[in-house]
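The structure appears right after this line, and notes come after that.
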Amino acid sequence: MSVNTQKAALRKHLLEKRDATSAELREISSEKIHQNLKKISAYTNSQNIACYFPIGSEINTNDIMLDILGQNKNLLLPRITNDNLQFFVVSNLEKLEKGNFEIMEPKDSCKKAEKIDCVLIPTVGVSKSGVRLGYGKGYYDRFLSLIDAVKISLTYSKQIVKSIPNEPHDVKIDWIVTEDENVKIS
Ligand code: ADP
Ligand code: MG
């Protein structure tokens with residue numbers, strides 16, 4: 001089986017599992033993930049934080065985004081341009097509009113991010129060696145290969161798997177934050 005086929009099968013399985021999470025459990029886990037995230041000094045020391053607007057059964061990042069704004073830090077959110085992620089400074093959540101894939105994106109009036117200290121990454125699956133599975137378009141691999149920032153996967157603990165096929169373009173993450181634990185990738 002090719003690596004792509006293996007990844008596709010794992011992605012399908014993990015997305016089905018994630019989509020089966022009840023809305024209530026998703027909210028409880030998202031809140032715990034927010035609390036665990038705040039125990040990581042590389043995160044709390046960051047001034048410029050890239051986050052994402054949640055879709056489907058992803059971890060709900062609303063409180064995280066509000067907390068970043070409330071602390072007068074720079075909240076950075078992505079737009080997709082020519083298949084690349086580009087991050088913009090969002091001074092409040094009203095500066096968002098519906099973009100590709102029905103995802104809320106920064107409006108044109110937002111300034112491009114100049115510095116990114118830390119990236120919170122939506123995750124379909126991840127292994128404790130730091131290999132991450134996304135939706136299969138490589139958006140974050142392409143983006144993360146260009147910057148030097150602390151890379152944090154936000155994920156339910158049930159999305160951690162023993163191993164994920166690793167390709168040269170896959171960018172390893174630094175931390176996994178789940179509702180149960182923080183895992184630092186060595
Ligand atoms: P995901 O990380 O979203 O689960 P993959 O790791 O399978 O998806 O990557 C999907 C595709 O994205 C790859 O087959 C590759 O063509 C492309 N890709 C990923 N990273 C890069 C990169 N740094 N440069 C060019 N193409 C890339
Ligand atoms: Mg990848």
Side-chain angles (χ1 to χ4, degrees), residues 1-21 26 29-30 33 37 40 42-43 48-61 64-65 76-88 98-106 112-179 182-186:
M1 222 198 303
S2 78
V3 168
N4 266 339
T5 315
Q6 286 176 45
K7 277 186 169 179
L10 194 55
R11 199 175 278 124
K12 182 167 180 286
H13 167 72
L14 288 169
L15 274 176
E16 279 170 7
K17 203 153 83 162
R18 199 180 74 181
D19 288 345
T21 313
R26 173 175 176 253
S29 298
S30 297
I33 284 169
L37 179 63
I40 298 175
Y43 170 73
N48 304 286
I49 303 169
C51 192
Y52 61 91
F53 194 89
I55 49 161
S57 54
E58 285 176 352
I59 303 301
N60 187 349
T61 54
I64 296 175
M65 294 193 288
L76 317 175
L77 288 171
R79 286 173 74 123
I80 295 176
T81 313
N82 300 328
D83 266 351
N84 287 308
L85 292 176
Q86 279 195 320
F87 282 81
F88 293 84
K98 243 182 208 169
N100 294 301
F101 312 118
E102 299 287 289
I103 298 178
M104 298 301 281
E105 294 190 334
K112 222 180 145 192
E114 282 172 10
K115 192 168 184 290
I116 303 179
D117 304 313
C118 173
V119 187
L120 305 177
I121 310 166
T123 298
V124 174
V126 66
S127 72
K128 286 194 173 176
S129 56
V131 183
R132 168 188 164 274
L133 201 60
Y135 289 102
K137 303 242 187 228
Y139 285 121
Y140 275 87
D141 288 325
R142 274 195 297 282
F143 165 66
L144 294 170
S145 71
L146 304 174
I147 62 161
D148 180 26
V150 181
K151 300 174 268 297
I152 303 178
S153 260
L154 304 183
T155 190
Y156 304 100
S157 40
K158 65 182 174 185
Q159 311 302 119
I160 297 182
V161 292
K162 272 231 159 71
S163 88
I164 293 180
N166 187 13
E167 295 177 275
H169 67 253
D170 283 316
V171 175
K172 285 210 178 174
I173 55 142
D174 301 309
W175 286 90
I176 306 170
V177 177
T178 79
E179 68 279 27
N182 290 340
V183 180
K184 186 170 188 342
I185 314 299
S186 47

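As the structure lists them, so they are numbered: ligands from 1, and atoms in each ligand from 1.
A distance-only check finds a donor-acceptor pair linking the side chain of Arg11 to the backbone of Gly134 [under 3.5 Å]. Proximity of a side-chain donor or acceptor of Arg132 to a complementary backbone N or O of Val124 within less than 3.5 Å is not detected.
Residues Tyr139 and Asp83 bring a donor and an acceptor atom of their side chains to less than 3.5 Å of each other. Thr155 and Thr123 form no side-chain donor-acceptor contact under 3.5 Å, judged by distance and modelled atom types alone.
Closest heavy-atom contact between Asn166 and Val131: CG-CG2, 3.8 Å. Pro78 approaches Pro106 most closely through the heavy-atom pair O-CD, 3.3 Å. A pairwise comparison of heavy atoms in Ser127 and Ser163 identifies CB-CA, 4.1 Å as the closest pair.
Using a 4.0 Å cut-off to heavy atoms of Arg11, the atoms of ligand 1 that qualify are 1 (P), 4 (O), 7 (O), 8 (O). Ligand-side atoms of ligand 1 in range of Gly134: 1 (P), 2 (O), 3 (O), 4 (O), range being under 4.0 angstrom from any heavy atom. Below 4.0 Å from some heavy atom of Asp141 lie the following atoms of ligand 1, by number and element: 2 (O), 6 (O), 19 (C), 20 (N).
Counting just the N/O/S atoms of Asp170, the one with the shortest distance to the Mg ion (ligand 2) is named OD1. Among the heteroatoms counted here (N, O or S) of Asp141, OD2 is the one nearest to the Mg ion (ligand 2).
At a heavy-atom distance under 4.0 Å, only side-chain atoms of Asp170, from C-beta outward, approach ligand 1. Within the 4.0 Å heavy-atom criterion, the part of Lys7 lying near ligand 1 is the side chain and not the backbone. With a 4.0 Å cut-off on non-hydrogen atoms, Tyr139 does not touch ligand 1 at all.
By the 4.5 Å heavy-atom criterion applied to side chains, Tyr52 and Thr61 are counted as neighbours.
Of the protein's heavy atoms, none falls inside 4.0 Å of atom 16 (O) of ligand 1.
Remark: minimum distance from atom 21 (C) of ligand 1 to any protein heavy atom is reached at Arg142 CG, 3.4 Å. Given atom 14 (O) of ligand 1, the protein heavy atom at minimum distance is His169 CE1, 4.0 Å.
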